[in-house]
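To start, the structure under review is shown below, and the notes come after it.
For reference, positions follow the sequence shown, starting with 1.
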Amino acid sequence: MIPTYNCPFIGSAIESALAQSYGHKEVIVVNDGSTEHTELIQPYLDRIRYMEKSNGGTGSALNAGIREARGQYFTWLSSDDLYAADKLEKQLAYMGSVQADACYSAFDIINEHNQITGTFRAGFGDRRAFYEAMRAGNVINGCTVMLKREVFDHVGLFDESLKCTQDYDLWCRILQHYHFHYLDEPLVQYRVHSGMSTKKLSDTLAKERSYVQQRYSELFQRLLSR
């Protein structure tokens, strides 16, 4: 699932999704009301499922794609990020080996020129340490996540009222019923650049983070009391 809004990197994101070593996939690109860079999508229209909608934010674009998806698993690729060529193959194999319903991984950090500038690992020694970290903030990069499709049937879709923390909110809902397994291998290249939404909407991000933390404070109290 690739939601996009006026992103100059969308072509590279689509390329990395189509280049996956795992062959049984569908690539759904959801244009969330873009007015720029849509010409970068045109060369791939015969190899992707393409949707257009009015601008509603990342959560609404993801939900629109999820409703149309036919696969048994869900992954999300931001339009300015990249997948490692074997991301789907390795994550599916790992999830099968541990019987996981939800999984996330480490990721590399890249710049505007695709140069790796660092690696972020978000593994924890035990579940309590993981829950403590999640209570303090979102340690799961959404583009590293793979979920079984049935998880949405159980916990619902992304909260479209949240413009920056729709992922944090969903992960918290998932933790009420499932465990997030961690694959300690960088399977995504997360691009840091001047136009990224987390920089443009930093104030909104901070407010929404506090809201989500308050919304699920009792959940984490229960998880940490086990």
Side-chain angles (χ1 to χ4, degrees), residues 1-53 55 58-96 100 102-117 119-120 140-149 151-152 157-158 167 183 185-193 195-197:
M1 200 76 60
I2 309 178
T4 184
Y5 177 70
N6 292 345
C7 182
F9 302 104
I10 180 60
S12 296
I14 295 173
E15 285 274 7
S16 77
L18 291 172
Q20 288 297 295
S21 58
Y22 185 80
H24 301 291
K25 61 183 181 292
E26 63 175 356
V27 178
I28 301 176
V29 176
V30 183
N31 179 355
D32 190 40
S34 296
T35 57
E36 299 178 306
H37 307 301
T38 56
E39 74 281 356
L40 300 175
I41 304 171
Q42 299 302 313
Y44 307 102
L45 290 179
D46 61 341
R47 291 185 285 164
I48 64 175
R49 295 181 63 194
Y50 180 61
M51 302 173 56
E52 292 185 343
K53 60 180 289 296
N55 181 253
T58 301
S60 71
L62 287 167
N63 287 346
I66 291 167
R67 293 184 183 102
E68 296 298 321
R70 298 186 289 245
Q72 296 180 352
Y73 290 82
F74 163 85
T75 68
W76 156 22
L77 177 59
S78 292
S79 55
D80 48 1
D81 295 341
L82 303 171
Y83 275 171
D86 54 1
K87 196 260 191 192
L88 299 184
E89 183 177 4
K90 284 188 173 179
Q91 207 160 15
L92 279 167
Y94 173 72
M95 289 183 69
C103 173
Y104 73 107
S105 77
F107 60 91
D108 288 325
I109 301 167
I110 61 172
N111 60 22
E112 294 95 332
H113 309 292
N114 294 342
Q115 297 167 324
I116 295 176
T117 60
T119 300
F120 185 86
I140 299 175
N141 182 309
C143 295
T144 72
V145 167
M146 179 176 281
L147 302 173
K148 286 186 176 179
R149 176 65 178 81
V151 170
F152 293 114
L157 300 179
F158 290 95
D167 52 350
L183 176 56
E185 184 171 348
L187 298 179
V188 169
Q189 293 181 341
Y190 172 74
R191 192 186 307 276
V192 175
H193 58 97
M196 62 195 305
S197 59

Quiz prompt | salt bridge (charged side-chain N to carboxylate O under 4.0 Å, His left out) against Asp81, all qualifying residues, sequence neighbours excluded | solution = none
Quiz item: From Cys143 SG over to Arg191 CZ, what is the distance, rounded to the nearest 0.5 angstrom?
Solution: 11.5 Å
Exercise. Hey, could you give me the CD1/CZ distance between Ile28 and Arg49, rounded to the nearest 0.5 Å?
Key: 4.5 Å
Quiz item: Looking only at heavy atoms, which two atoms of Ala13 and Ile2 are closest? And how far apart?
Solution: O-CD1, 4.1 Å
Quiz prompt | Heavy-atom closest pair, residues Pro186 and Ala84 | solution = O-CB, 4.4 Å
Practice problem: Kindly indicate whether the side chain of Asn6, heavy atoms from C-beta on, has any atom under 4.5 Å from the side chain of Thr35. | Solution: yes
Quiz item: Which pair of non-hydrogen atoms, one from Pro3 and one from Leu77, has the smallest distance, and what is that distance?
Solution: CD-O, 3.6 Å
Practice problem: Mind checking the CD-CG spacing from Glu185 to Asp108? Nearest 0.5 Å is all I need. | Solution: 10.0 Å
Quiz prompt | Distance (rounded to the nearest 0.5 Å) between Asn114 CG and Ser16 OG | solution = 10.0 Å
Quiz item: Without hydrogens or angle criteria, can the side chains of Thr75 and Tyr83 be said to hold a donor-acceptor pair below 3.5 Å?
Solution: yes
Exercise. Report the distance from atom CD1 of Ile109 to atom CZ of Phe120, rounding to the nearest 0.5 Å.
Key: 8.0 Å
Quiz item: Side-chain donor-acceptor pair under 3.5 Å between Tyr104 and Asn141, yes or no?
Solution: no
Practice problem: Ignoring hydrogens and angles, tell me if any N or O in the side chain of Gln91 forms a donor-acceptor pair with the backbone of Thr144 under 3.5 Å. | Solution: yes
Quiz item: Closest heavy-atom contact between Lys53 and Ser60?
Solution: NZ-OG, 3.0 Å
Quiz item: What do you reckon, is CD of Gln72 surrounded by more than 12 foreign heavy atoms closer than 6.0 Å?
Solution: no
Quiz item: Are side-chain heavy atoms of Phe107 and Gln189 found at a separation under 4.5 Å?
Solution: no
Quiz prompt | Candidates Glu89, Lys90, Lys87 - the one meeting side-chain hydrogen bond (donor to acceptor under 3.5 Å, both in side chains) with Ser21 | solution = Glu89
Quiz item: Nearest 0.5 Å, what's the OH-CD distance between Tyr50 and Gln42?
Solution: 6.5 Å
Self-check item: Expected output: side-chain Asp80 to main-chain Phe9 donor-acceptor under 3.5 Å
Solution: no
Quiz prompt | Over all atoms of both residues, closest heavy-atom pair of Lys25 and Tyr22 | solution = NZ-O, 3.2 Å
Quiz item: Going through the distances and angles, do Asp167 and Trp76 end up as a side-chain contact (heavy atoms from CB on, under 4.5 Å)?
Solution: CA-CA 11 Å; Asp167 52 350; Trp76 156 22; 3.7 Å; yes
Quiz prompt | Nearest heavy-atom neighbours spanning Asn111 and Thr117 | solution = ND2-CG2, 4.1 Å
Quiz item: Hey, does the side chain of Arg149 reach the backbone of Ala69 with a donor-acceptor pair shorter than 3.5 angstrom?
Solution: no
Practice problem: Specify whether Phe158 and Phe74 have parallel, tilted or perpendicular ring planes, treating 30° as the upper limit for parallel and 60° as the lower limit for perpendicular. | Solution: tilted
Quiz prompt | Side-chain (Asn55) to main-chain (Asp32) donor-acceptor, under 3.5 angstrom | solution = yes
Quiz item: If only atom types and distance count, is the side chain of Gln20 paired as donor or acceptor with the main-chain N or O of Leu88 below 3.5 Å?
Solution: yes
Exercise. Kindly indicate, with the supporting measurements, whether the criterion side-chain contact (heavy atoms from CB on, under 4.5 Å) is fulfilled by Arg47 and Ile14.
Key: CA-CA 10 Å; Arg47 291 185 285 164; Ile14 295 173; over 6 Å; no
Exercise. For the residue pair Pro8 and His37, establish whether any side-chain heavy-atom pair is separated by less than 4.5 Å.
Key: yes
Self-check item: side-chain contact (heavy atoms from CB on, under 4.5 Å) between Thr4 and Ile41, intermediate numbers included
Solution: CA-CA 10 Å; Thr4 184; Ile41 304 171; 4.2 Å; yes
Quiz item: Are side-chain heavy atoms of Met95 and Tyr73 found at a separation under 4.5 Å?
Solution: yes
